[in-house]
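Everything numeric here is computed off the predicted structure, so don't read it as measured data.
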Amino acid sequence: MDTQRFTKDNPMRVGLGGFGNVGQTLARTLSGGAIPEAQLTAISAADLDAAHARADAMEPMPVFVSAEDLPAHADVIVECATGEAFPTIARAALNAGKILLPVSVAALATHPEILDLAEVSDGTMRVVTGALPGLDSIRGARESGIHSVKMTSNIRPESLAREAYIVDHGFDFSTPPASPVKVFEGSAREAGMAFPRHFNVGIALSLSGIGPDRTEVEVWANDDISGTSHEVYVDSDAIKLTLKSENLPSPDNPRTSSSVAPSVMAALRSLVSSVQVGS
């Protein structure tokens with residue numbers, strides 16, 4: 001796909017697979033002209049009538065179609081739905097030879113066949129990674145050999161309280177714990193399966209480094225933080241890394257990080273930019 005062909009007069013067509021908090025933020029930003037070389041042209045959602053109503057008087061008004069029909073109206077498809085909807089959106093985009101920017105990549109823990117599809121299809125999957133720092137450095141370290149990667153995540157207890165894994169393992173966060181509680185220790189793949197809403201970052205980290213089964217993850221419920229924080233430790237032949245991010249919750253939905261929508265916008269901007277920053 002030749003990114004140089006996109007201009008204000010011939011913009012990149014963007015389709016949104018999902019129209020929740022992140023999708024609506026992206027729609028407002030794109031429709032406001034934040035990237036002149038990109039135009040929102042299509043939206044898919046579980047309830048198309050409700051999505052159309054939420055779009056209000058967006059101008060120009062995108063079309064509202066099923067996930068399967070989204071590729072017919074877009075050059076780039078942003079998946080910003082749920083882990084359950086991810087496979088359908090991803091398959092449609094990749095099979096149609098489109099660029100897929102997925103948010104719900106924790107779903108790859110249970111749907112590794114999507115990675116296989118990306119390898120053999122004419123499409124391309126570019127994982128959105130703005131919630132984690134230093135992934136370019138980790139990708140560089142991988143070229144020389146990585147010994148270990150570990151991520152320790154601290155998440156507010158109320159954000160974890162209703163997760164099936166938390167309930168099934170007997171944790172009760174109806175009252176915040178007096179001190180941090182470790183609720184999980186295992187691989188990034190296991191973390192993605194246990195916390196599909198929270199560990200898109202773990203799968204993204206593993207894809208940049210040594211894979212989901214060798215990447216170690218710890219999860220702590222911590223009432224002393226304002227938003228989710230991640231610390232990543234990398235030991236490699238070329239470099240030793242200690243990386244930390246503190247992600248503030250979205251004001252519209254505290255269960256979503258404020259960094260997600262800007263991360264997608266940065267990824268879209270890179271697709272139309274003549275200057276690429278990062279490897």
Side-chain angles (χ1 to χ4, degrees), residues 22 83 101-110 112 115 125-157 159-160 163 165-166 179-250 255-264 266-267 270 277-279:
V22 173
L101 300 182
V103 171
S104 308
V105 290
L108 291 171
T110 50
L115 289 172
M125 179 163 60
R126 300 188 181 187
V127 176
V128 178
T129 57
L132 275 180
L135 294 189
D136 270 358
S137 296
I138 296 172
R139 290 168 57 208
R142 182 176 63 185
E143 296 297 325
S144 65
I146 293 177
H147 304 298
S148 64
V149 178
K150 181 176 181 178
M151 180 169 72
T152 300
S153 298
N154 281 263
I155 302 173
R156 291 196 54 80
S159 186
L160 289 170
E163 299 292 342
Y165 179 93
I166 294 296
S179 59
V181 176
K182 183 163 72 172
V183 298
F184 175 88
E185 184 173 6
S187 70
R189 186 186 303 278
E190 292 166 333
M193 295 172 71
F195 304 99
R197 190 172 58 83
H198 289 284
F199 275 90
N200 298 317
V201 290
I203 295 300
L205 172 65
S206 73
L207 292 175
S208 71
I210 54 178
D213 297 311
R214 291 180 59 200
T215 302
E216 304 171 61
V217 174
E218 281 187 11
V219 183
W220 294 73
N222 189 339
D223 193 47
D224 295 326
I225 55 175
S226 58
T228 299
S229 71
H230 304 290
E231 293 190 27
V232 178
Y233 309 93
V234 179
D235 181 24
S236 78
D237 288 333
I239 190 171
K240 296 185 186 299
L241 296 169
T242 300
L243 309 164
K244 183 175 182 179
S245 65
E246 297 183 14
N247 302 313
L248 300 178
S250 166
R255 302 181 75 197
T256 300
S257 170
S258 289
S259 66
V260 176
S263 298
V264 174
S270 73
V277 179
S279 58

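The main-chain N or O of Ser187 is found under 3.5 Å from a side-chain atom of Glu190 such that the two form a donor-acceptor pair. Side-chain atoms of Asp235 never come within 3.5 Å of backbone atoms of Lys240 as a donor-acceptor pair (strictly under, hydrogens ignored). Distance alone, capped at 3.5 Å, is enough to place a donor-acceptor pair between the His198 side chain and the Ser159 backbone. At least one donor-acceptor pair closer than 3.5 Å links the side chain of Ser270 to the backbone N or O of Ala267.
Separating the CD1 atom in Ile210 from the CD1 atom in Ile146 is a distance of 6.0 Å, to the nearest 0.5 Å. In this structure, the separation between CG on Leu207 and CZ on Arg142 is 8.5 Å, given to the nearest 0.5 Å. One distance of note links CD1 of Ile203 with OG1 of Thr129; it measures 14.0 Å at 0.5 Å rounding. Here the CG atom belonging to Leu160 is positioned 8.0 Å from the CZ atom belonging to Arg197, to the nearest 0.5 angstrom.
Just one of Glu231, Glu185, Glu216, Glu218 meets the salt bridge (Lys or Arg N to Asp or Glu O under 4.0 Å) condition when paired with Lys150; it is Glu218. For the pairing with Met151, the side-chain contact (heavy atoms from CB on, under 4.5 Å) check across Val201, Val219, Thr215 returns one residue only, Val201.
Scored by the side-chain hydrogen bond (donor to acceptor under 3.5 Å, both in side chains) test, Ser153 finds His230 as partners (sequence neighbours excluded). Under the side-chain hydrogen bond (donor to acceptor under 3.5 Å, both in side chains) criterion, Ser236 pairs with no residue at all, not counting sequence neighbours. Scored by the side-chain hydrogen bond (donor to acceptor under 3.5 Å, both in side chains) test, Asp224 finds no partners at all (sequence neighbours excluded).
Here the closest non-hydrogen pair linking Val217 and Ala188 is CG2-CA, 3.8 Å.
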